[in-house]
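To start, the structure under review is shown below, and the notes come after it.
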There are 2 protein chains.
Amino acid sequence: MKIGDLAAKTGVAPRLLRYYEEVGILHPFRSGNGYRTYGEAAVDRVLQIRELLDAGFTTEMIRQVLPCLGDPRPSTCTAEVDLDVVRRQLGNVERRIDVLQRNRDAIKTYLRAWEEGTGVTSDA
Amino acid sequence: MKIGDLAAKTGVAPRLLRYYEEVGILHPFRSGNGYRTYGEAAVDRVLQIRELLDAGFTTEMIRQVLPCLGDPRPSTCTAEVDLDVVRRQLGNVERRIDVLQRNRDAIKTYLRAWEEGTGVTSDA
DNA sequence: CTTGACCTTCACATTAATGGAAAGGTTTAG
DNA sequence: CTAAACCTTTCCATTAATGTGAAGGTCAAG
């Protein structure tokens, strides 16, 4: 699959697919003419990258944890996974979840107050 | 409290406190000489801002939901809260939590596999 | 009054993620 | 063969969040 095909299947611009390769989170092969070649698995990988980026991860964090995420590691992945880094990222993720949950609850409480008619002192 | 005091109490550089004001998520008073003046509540507000930024929020998102987060709204807050925007952000937060939880679980599973000695096919 | 430690605004630099154009090679359709 | 539609790399632009430095005002201590 060439870059345009992958872009079509994932909705992610070729420009970004090249960027993801540059920062080391996507590893296409090269065919004789120099064109990037992707396997079917790349579709899911790209979608997962998008999901993580949209959730506020940086490509650096993604690079550090992607090998853990059930990705079909190509044999080129020579155990370059630093478990301590992964553990740190796990703590990171858990802290984020915590912050997000607390704020989600606060927002929900706020909205419920409004929906129950009481509203909030509108200090207008 | 002047900007340097707030910086000392929160560990956030004065430059950033000015920036937060510029993007509308922090609203100090001005004393006669033009100096920014912050109340005690600003400390918590800044810490909450940092927490949200660290969790991957943008200042724009923070600006939209901060009024909902139990902040002591100054009387200058004339109900400029768009409930639909808040609801959208709530959905946003919930999606993020979902992504984070799924990935946290994947990472934990991965780590557990390693810690149980089995490891992962190291394709080295 | 002078000095040092604040404060102000303004402006430029940087990193990450992204968009875009330029210049040129490849492939496919006609 | 040629033209359209791909692909390549390189470089420049933008936005967000942040760092930094200049030029100047204010204030408290000596």
Side-chain angles (χ1 to χ4, degrees), chain A residues 1-39 42-43 45-66 85 89 92-93 95-96 99, chain B residues 1-39 42-43 45-66 85 89 92-93 95-96 99:
Chain A
M1 174 165 37
K2 284 185 293 182
I3 199 171
D5 304 325
L6 183 56
K9 288 195 193 181
T10 59
V12 175
R15 170 70 178 84
L16 284 187
L17 298 178
R18 297 193 189 99
Y19 176 64
Y20 297 154
E21 178 182 6
E22 188 188 327
V23 297
I25 59 184
L26 199 55
H27 311 286
F29 307 101
R30 295 299 180 123
S31 42
N33 48 16
Y35 286 17
R36 291 168 179 81
T37 305
Y38 303 86
V43 175
R45 179 148 183 154
V46 168
L47 293 179
Q48 184 159 32
I49 289 172
R50 284 309 321 173
E51 203 176 45
L52 290 168
L53 283 174
D54 289 343
F57 275 58
T58 63
T59 54
E60 172 65 9
M61 298 168 69
I62 294 174
R63 199 176 52 70
Q64 293 175 346
V65 302
L66 246 195
V85 169
Q89 289 300 344
N92 221 308
V93 172
R95 266 190 304 282
R96 276 183 189 228
V99 170
Chain B
M1 178 166 33
K2 284 185 293 183
I3 201 171
D5 304 325
L6 183 57
K9 288 194 193 180
T10 59
V12 176
R15 170 67 177 87
L16 284 186
L17 298 177
R18 298 194 187 100
Y19 175 65
Y20 298 155
E21 177 182 6
E22 188 188 327
V23 297
I25 60 185
L26 198 55
H27 311 286
F29 307 101
R30 295 299 180 123
S31 41
N33 49 17
Y35 286 16
R36 289 169 178 81
T37 305
Y38 303 86
V43 175
R45 180 146 182 155
V46 168
L47 292 179
Q48 183 157 33
I49 288 172
R50 285 307 322 173
E51 204 176 45
L52 291 168
L53 283 174
D54 290 342
F57 275 59
T58 64
T59 55
E60 172 65 9
M61 298 169 70
I62 295 174
R63 201 177 51 70
Q64 292 175 347
V65 304
L66 247 193
V85 170
Q89 288 300 344
N92 222 308
V93 172
R95 265 190 306 282
R96 277 182 187 227
V99 170

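Naming convention: chains lettered A, B, ... in sequence-line order (proteins, then strands); numbering from 1 in each chain. All values reported here derive from a predicted model rather than from experimental measurement.
Where A/F57 and B/D5 meet DNA chain C, the nucleotide closest to each residue was compared, and B/D5 sits on the side nearer the 5' end. Mapping B/D54 and A/G4 onto DNA chain D by nearest heavy atom places A/G4 closer to the 5' end of the strand.
Computed from coordinates, the B/F29 CZ to C/dC7 C1' distance equals 19 Å when rounded to whole Å. Counting to the nearest Å, the P atom of D/dC6 and the CZ atom of A/R18 are 13 Å from each other. Separating the CE atom of B/M61 from the C1' atom of D/dA17 is a distance of 15 Å, rounded to the nearest angstrom. Separating the CG atom of A/L17 from the P atom of D/dT9 is a distance of 13 Å, rounded to the nearest angstrom. For the pair A/I3 CD1 and C/dT27 P, the computed distance is 16 Å after rounding to whole Å. Nucleotide D/dT15 holds its P atom 19 Å from the CG atom of B/L53, rounded to whole Å. The CZ-P distance, from A/R63 to C/dA17, rounds to 11 Å in whole Å. Taking atom CG on B/L16 and atom C1' on D/dA16, their separation rounds to 12 Å, with Å as the unit.
In terms of modelled atom types and a separation under 3.5 Å, the side chain of B/T10 and the main chain of B/V12 share a donor-acceptor contact. Not one N or O on the side chain of A/D54 forms a donor-acceptor pair closer than 3.5 Å with the backbone of A/E51.
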| task | Indicate for each nucleotide in nucleotides 20-25 of chain D, in 5' to 3' sequence, whether protein heavy atoms under 4.0 Å reach the base (B), only the sugar-phosphate (S), or nothing (-). | result | B----B
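In this model, the phosphate group of D/dT8 is approached by a side-chain N or O of A/R36 to a distance below 4.0 Å at OP1 or OP2. Considering only side-chain N and O atoms, A/N33 lies under 4.0 angstrom from the phosphate OP1 or OP2 of C/dT27. At the phosphate of C/dT18, OP1 or OP2 sits under 4.0 Å from a side-chain N or O atom of A/Y20. Between A/Y19 and C/dA17 there is a side-chain N or O to OP1 or OP2 distance below 4.0 Å.
Both the sub-6.0 Å distance and the 45° axial angle are satisfied by A/R96 relative to the ring of A/F57.
For the pair A/R45/A/L66, a side-chain contact is recorded, criterion being any heavy-atom separation below 4.5 Å from C-beta on.
Of the candidate nucleotides D/dT8, C/dG19, C/dA17, C/dA17 has the atom lying nearest to any side-chain atom of A/T58.
In terms of heavy-atom proximity, B/T59 sits nearest to B/I25 at O-CG2, 3.7 Å. Closest approach of B/T58 and B/L53 over heavy atoms only: C-CD2, 4.2 Å. Taking both residues in full, the closest heavy atoms of A/L17 and A/A7 are given as CD1-N, 3.8 Å, listed atom of the first, atom of the second, then distance.
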| Audit row: B/Y38, B/V46, side chain to side chain contact (heavy atoms under 4.5 Å, CB included) steps and yes/no | CA-CA 11 Å; B/Y38 303 86; B/V46 168; over 6 Å; no
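Salt bridge present: A/R30 and A/E21 bring a charged side-chain N and a carboxylate O closer than 4.0 Å.
Test A/R63, A/R50, A/R15 against A/Y20 for side chain to side chain donor-acceptor pair (under 3.5 Å) and you get one pass: A/R50.
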Just the table, please: protein N/O against nucleotides 28-30 of chain C N/O, every pair under 3.5 Å.
none

